[in-house]
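Please read all numbers here as calculations on a predicted model, not as lab measurements. Quick note on labels: first sequence line is chain A, next is B, and so on, each numbered from 1.
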2 protein chains.
Amino acid sequence: MSQTVSRAMEIIRFIGPSPRSLGEIAEHIGVHKSTALRLLQTLEQDGFARHLPDGRHTVGFAIIPLAQYAIDQIDIRTLAHPFLQRLAAQQGHTVHLAQLMDDDVIYVDKVDGSGTVAMGSRIGLPAEGHTAGVAKVVLAHLPESVREEAIERLGFQRHTPTTIVTPGAFRRELDLVRQRGWAEDDGEKEDYINCVALPVFDASGRVTIGMSVTALRAVAPLAELREQMPEYRRVAQAISRELGWNGDEHERR
Amino acid sequence: MSQTVSRAMEIIRFIGPSPRSLGEIAEHIGVHKSTALRLLQTLEQDGFARHLPDGRHTVGFAIIPLAQYAIDQIDIRTLAHPFLQRLAAQQGHTVHLAQLMDDDVIYVDKVDGSGTVAMGSRIGLPAEGHTAGVAKVVLAHLPESVREEAIERLGFQRHTPTTIVTPGAFRRELDLVRQRGWAEDDGEKEDYINCVALPVFDASGRVTIGMSVTALRAVAPLAELREQMPEYRRVAQAISRELGWNGDEHERR
DNA sequence: CACAGCCGTTGCAACATATGCAACGGCATC
DNA sequence: GATGCCGTTGCATATGTTGCAACGGCTGTG
């Protein structure tokens, strides 16, 4: 293991959220300022960090295309994409796939329907934990201790009158998700958009991926999406079988 | 400068585009395999690299949120965003801002109009060089030698009957962009979407940023967007003045 | 205006770590 | 079964990283 490389990466993690001074960085990684400065100079030479005019240091743009490579290599995309495309074309609605990675449910694929819709979801970015259907469906199926930790991290910011804003109400929502087999976003992030989200099971019956169908409320309200649930369930299970799932959705780990 | 950190970063750049074996990596950075392995082990411990089941190494997901931080800190967004929001609200069309970074014109902001539209543009991702309005308008205003190098890198893949697919035709298009002062995407990437793009000048009269207005052809065909050109030019110049531009758009470097 | 304090930075010697070597086990090929 | 190449590890040592001392610049205070 390389201590020098570890330090450099810790610097990048530290300066990412907000720009930092040399002294702060040296203190954070526990080295002399001259050491931190040399590490920064190297990171900056290669575009992984930037030296701002005010003297502080921040993350560099060379990381952006590398992140895109990381996104492009998410395996489930290749496997699931044809299913999403068919569903989007057939139903006319936007379909997402999102996967749990570390502590976030990250959008990993998105196929727009016809009669299209703009929304804040972006591949590579996390779904909002307390509003997005895909996040709810993944959270609902996590082991309880993991789920409780995740719930504690949620901010429960209100966006619309239907946003769930307490942990208790959110737990009841997740209970409902498990009971009926799908999650819903009832205009909780943007009040003109709703969606349903289905679990995607892996070979061991776990759920770390969710698939959602999203529509403008004016075009297809929740009731209409619910009517299509048998078809959505069929597609989510077809993707699950591609992942080696072979059982009933009521199987639990 | 830290040689060790440089090597680690070169490893990340090398394994990003496609996964690589330990031997390839060691050869690429010019060290013994055991050295490359230790550097990789450190990168993998922190999520900057991943060790695939087949033994190869690729870029890790921890880079994705860092890239988002980098995107979030692009200064022009803060400055230009109110202009884009006003224009989008007033015109009802989607407005983009894109900026030249290294060899790509990267979408750095995007405001959706009302009566919304889905499109492949994503913040942090590059605009396609030979079709996107923002890319054409930035390319058109580059110094000639830089422009020629950029044109040589373009793939000229046809997407629709109106896609420009030869360097010669593309050069003539850029001549036209400079002459009339704006670029167009005439359904060249998706045949149902068109846009116009205006140059944003900086304090020295250079153009590394473009602003575009995009609409569904069915909603607002090119002719209709062209009618609004005085207003679009006014907004682009207002943003330019915020950047310190003080002259006539015919000023050249 | 002088001074103190803190910042970012550099040259250099000491030393701690990164490095390459030799060897290993595993796997594929002949 | 032998060979070649892969990824990997222990260890000695060479070297690059590291901290120290000192520097100039900037800001705030008296």
Name the nucleic acid region contacted by Gln41(A), choosing base, sugar-phosphate or nothing; use a 4.0 angstrom heavy-atom cut-off, strictly under.
sugar-phosphate
Counting any heavy atom closer than 4.0 Å, what does Ser2(A) reach on the DNA or RNA strands: base, sugar-phosphate only, or nothing?
sugar-phosphate
Side chain of His51(A) only, please: which of dT9(C), dC20(D), dG20(C) is the nearest?
dT9(C)
Evaluate the side-chain proximity of Leu39(B) to Ile25(B): yes if any heavy-atom separation is below 4.5 Å, no if none is.
no
Thr4(B) near the nucleic acid: base, sugar-phosphate alone, or nothing, with a heavy-atom cut-off under 4.0 Å?
sugar-phosphate
Is Arg7(B) salt-bridged to Glu10(B), cutoff N-O under 4.0 Å?
no
Between P of dT8(D) and CZ of Arg56(B), the distance in whole Å
14 Å
May I have the distance from Arg7(A) (atom CZ) to dG19(D) (atom P), rounded to whole angstrom?
6 Å
In whole angstrom, what separates Glu24(A)'s CD from dC6(C)'s P?
15 Å
Over how many whole Å does the gap from Leu39(A) atom CG to dT17(D) atom P extend?
9 Å
Tell me if the CD atom of Glu27(B) is crowded by more than 12 foreign heavy atoms within 6.0 Å.
no
What is the distance, to the nearest angstrom, from the CG atom on Asp54(B) to the C1' atom on dG26(C)?
16 Å
Rounded to the Å, how far apart are His32(B) NE2 and dT13(D) P?
17 Å
Asp46(B) (side chain) donor-acceptor with Phe48(B) (main chain) under 3.5 angstrom:
no
Could you pick out which residue, Lys33(B) or Ser34(A), lies toward the 5' side of DNA chain C when each is mapped onto its nearest nucleotide?
Ser34(A)
Using atom CZ of Arg20(B) as one end and atom C1' of dC6(D) as the other, report the distance to the nearest whole Å.
17 Å
Let me know the distance between CD of Gln3(B) and P of dA18(C), rounded to the nearest Å.
11 Å
5′-ward residue of the pair Arg38(A)/Gly30(B) relative to DNA chain C
Arg38(A)
Check the phosphate of dG19(D) against Thr35(A), side-chain N and O only, distance under 4.0 Å to OP1 or OP2. Yes or no?
yes
Do you know which of Lys110(B), Lys136(B), His96(B) makes side chain to side chain donor-acceptor pair (under 3.5 Å) with Ser212(B)?
His96(B)
